[in-house]
Number of protein chains: 2
Amino acid sequence: MGELKEDLCLDCGLPAALESMGERWSFLILRAAFNGLHHFEEFQSTLGIARNILANRLGRLVDHGILAREPMPDDRRKIEYRLTEKGAALLPAMLALRQWGEVWETGMPSTPVLVDTRDEQPIRKVSILSHDGRELQLGDMCWKHTHEIKPLEMPRLQAVA
Amino acid sequence: MGELKEDLCLDCGLPAALESMGERWSFLILRAAFNGLHHFEEFQSTLGIARNILANRLGRLVDHGILAREPMPDDRRKIEYRLTEKGAALLPAMLALRQWGEVWETGMPSTPVLVDTRDEQPIRKVSILSHDGRELQLGDMCWKHTHEIKPLEMPRLQAVA
DNA sequence: TGAGTAGGTAGTGATTCGCAACTTAAAAAA
DNA sequence: TTTTTTAAGTTGCGAATCACTACCTACTCA
């Protein structure tokens, strides 16, 4: 991929994120991992991905610290790929994309669905919230440079001391 | 791209979403659109993308209804690409991915940042919330099939009638 | 009418992709 | 112990996609 102009490359997490997740299969492999798959052959037969591409993508995800690669102690041929903390942190992005696909492409809810273990109720739609918890649409927001942002005035209760 | 096995292909919005957004440049073009860019040359000079690839991606995003293509009335050479409702709905996914990149790749906040127009405070981190608003981590959730989910018992106030 | 500009196409070589066949090392079976 | 099976890759090859440069075509403006 060509290089971005500096001001769009250095200061935004998106190109950085795409460095590891910008390839088509990466998301699907990761989704399978979130669904509890751990082994090469599981990914391969479930996704129908070519073996060399799968090997390449798993390697890349491991290189980026998104998956951890570990031979199983009881059968050292078996390699377990499991999500790292960094990989697990991609869940909101994955879900947001999946939910978008449900609403705007397939028109139906996906299965299976993530539920809160506590009460088995489905999670909310991923959305954008203001600092005080209101849901925001694109029209409710604008772009500011970091230095333009004023710290929030807190109710000064324990302040002065 | 090869075809997925049916049970992973038909019932999930993610592969559907990747059909339009699975290519590397798509996210970056869309980010530029969210940042207020509207014209071919703006995208080209800002992103440094090859012209034919840009033309191809813009066309594809238009085909998928994510961008709308409209010649400007005052100068009909000029074409305006603007986000459709469907395109704007990708913002949570884009932000989630960008925030992930900030935390796990660049290690610094991106600029510019989205703020609530009302109070100019930055938005919250995109996260996963339970139906009643608690923030959930991966360990707090599990997968269920749709038919296994029981409707939530509501406090029966106006129920019986 | 001629110059400039916005938005694209065309040609070309490098890279990536998907498929099938092969490899390697460990485990299980005989 | 030898043979077979299995998990996880690697290799080779043709097809598709990519990026780079140059060219093209409307339309506008002087």
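Reminder, nothing fancy here: chain letters follow the sequence lines and each chain counts from 1.
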**Within 6.0 Å of NZ in B/K125, more than 12 heavy atoms from elsewhere** = yes
**Complete:** Whole-Å distance, A/R57 CZ to C/dG18 C1', equals 11 Å
**Prompt:** Between C/dG7, C/dG18, D/dC18, which nucleotide gets closest to the side-chain atoms of B/K78?
**Reply:** C/dG7
**Request:** Could you check how far CD1 of A/I53 sits from C1' of D/dA8, rounded to whole Å?
**Result:** 16 Å
**Asked** Under 4.0 Å between a side-chain N/O of A/W25 and OP1 or OP2 of C/dC17, yes or no?
**Response** no
**Message:** Between P on D/dA7 and CD on A/E42, what's the gap in Å once rounded to a whole number?
**Reply:** 10 Å
**Message:** Quick test of your reading: applying side-chain hydrogen bond (donor to acceptor under 3.5 Å, both in side chains), list the pairs with at least one residue in residues 47-59 of chain B, sequence neighbours left out, ordered by first then second residue.
**Reply:** B/E41-B/R51
**Interatomic distance where CD belongs to A/Q44 and C1' belongs to D/dT6 [whole Å]** = 14 Å
**Request:** Determine whether B/M94 and A/L14 make a side-chain contact, defined as any pair of heavy atoms from C-beta on separated by less than 4.5 Å.
**Result:** yes
**Asked** Heavy atoms, side chains only, cut-off 4.5 Å: are B/W25 and B/L28 in contact?
**Response** yes
**Message:** One thing to verify: whether A/R60 and A/E23 come together as a salt bridge, which I'm taking to mean a side-chain N less than 4.0 angstrom from a carboxylate O.
**Reply:** yes
**Complete:** From CD of B/E41 across to P of C/dG4 the rounded distance in Å is 16 Å
Can you tabulate the close N/O pairs, meaning under 3.5 Å, that link protein atoms to atoms of nucleotides 10-14 of chain D?
unit_1	atom_1	unit_2	atom_2	d
D/dG12	O6	A/N52	ND2	3.3

**Asked** Can you check the B/I79 CD1 to D/dC27 P distance for me, whole Å?
**Response** 10 Å
Atom pairs and distances, donor-acceptor, side-chain atoms in residues 82-91 of chain A, under 3.5 Å, two or more places apart:
unit_1	atom_1	unit_2	atom_2	d
A/R82	NH1	A/E70	OE1	2.8
A/T84	OG1	A/G65	O	2.6
A/T84	OG1	A/I66	O	3.1
A/T84	OG1	A/K86	N	3.3
A/T84	OG1	A/G87	N	3.0
A/K86	NZ	A/H64	O	2.7
A/K86	NZ	B/E105	OE2	3.0

**Request:** Give DNA chain D the dot-bracket treatment, 5' to 3': Watson-Crick (N1-N3 with N6-O4 or O6-N4) or G-U (N1-O2, O6-N3) under 3.5 Å, [ ] crossing, | other strand.
**Result:** ||||||||||||||||||||||||||||||
**Prompt:** Would you say B/R134 has more than 12 foreign heavy atoms packed within less than 6.0 Å of its CZ?
**Reply:** yes
**Nucleotide D/dT6, atom P - distance to CE of A/M72 in whole Å** = 18 Å
**Request:** May I ask you to evaluate whether A/Y81 reaches the phosphate of D/dG9, defined as a side-chain N or O under 4.0 Å from OP1 or OP2?
**Result:** yes
**Shared-cluster residues of A/L129, by chain and number - hydrophobic side chains joined below 4.5 Å** = B/L129
**Prompt:** Any idea how A/Y81 and A/F43 line up, ring-wise: parallel (<30°), tilted (30 to 60°), or perpendicular (>60°)?
**Reply:** perpendicular
Under 3.5 Å, N/O pairs linking protein and nucleotides 27-30 of chain C:
unit_1	atom_1	unit_2	atom_2	d
C/dA27	OP1	A/R76	N	3.2

**Item:** Side-chain (B/E120) to main-chain (B/T117) donor-acceptor, under 3.5 angstrom
**Value:** no
**Request:** Output yes when A/D116 and A/R118 qualify as a salt bridge under the 4.0 Å nitrogen-oxygen rule, no when they do not.
**Result:** no
**Minimum-distance nucleotide (side-chain atoms of A/R69 versus D/dA19, D/dG9, C/dG7)** = D/dG9
**Check: B/H39 side chain, B/I79 main-chain N or O, donor-acceptor pair, under 3.5 Å** = yes
**Message:** Please tell me if B/R24 has a side-chain N or O lying less than 4.0 Å from either OP1 or OP2 of C/dT16.
**Reply:** no
**Asked** Once you round it to whole Å, what is the distance between C1' of C/dT16 and CG of A/L54?
**Response** 16 Å
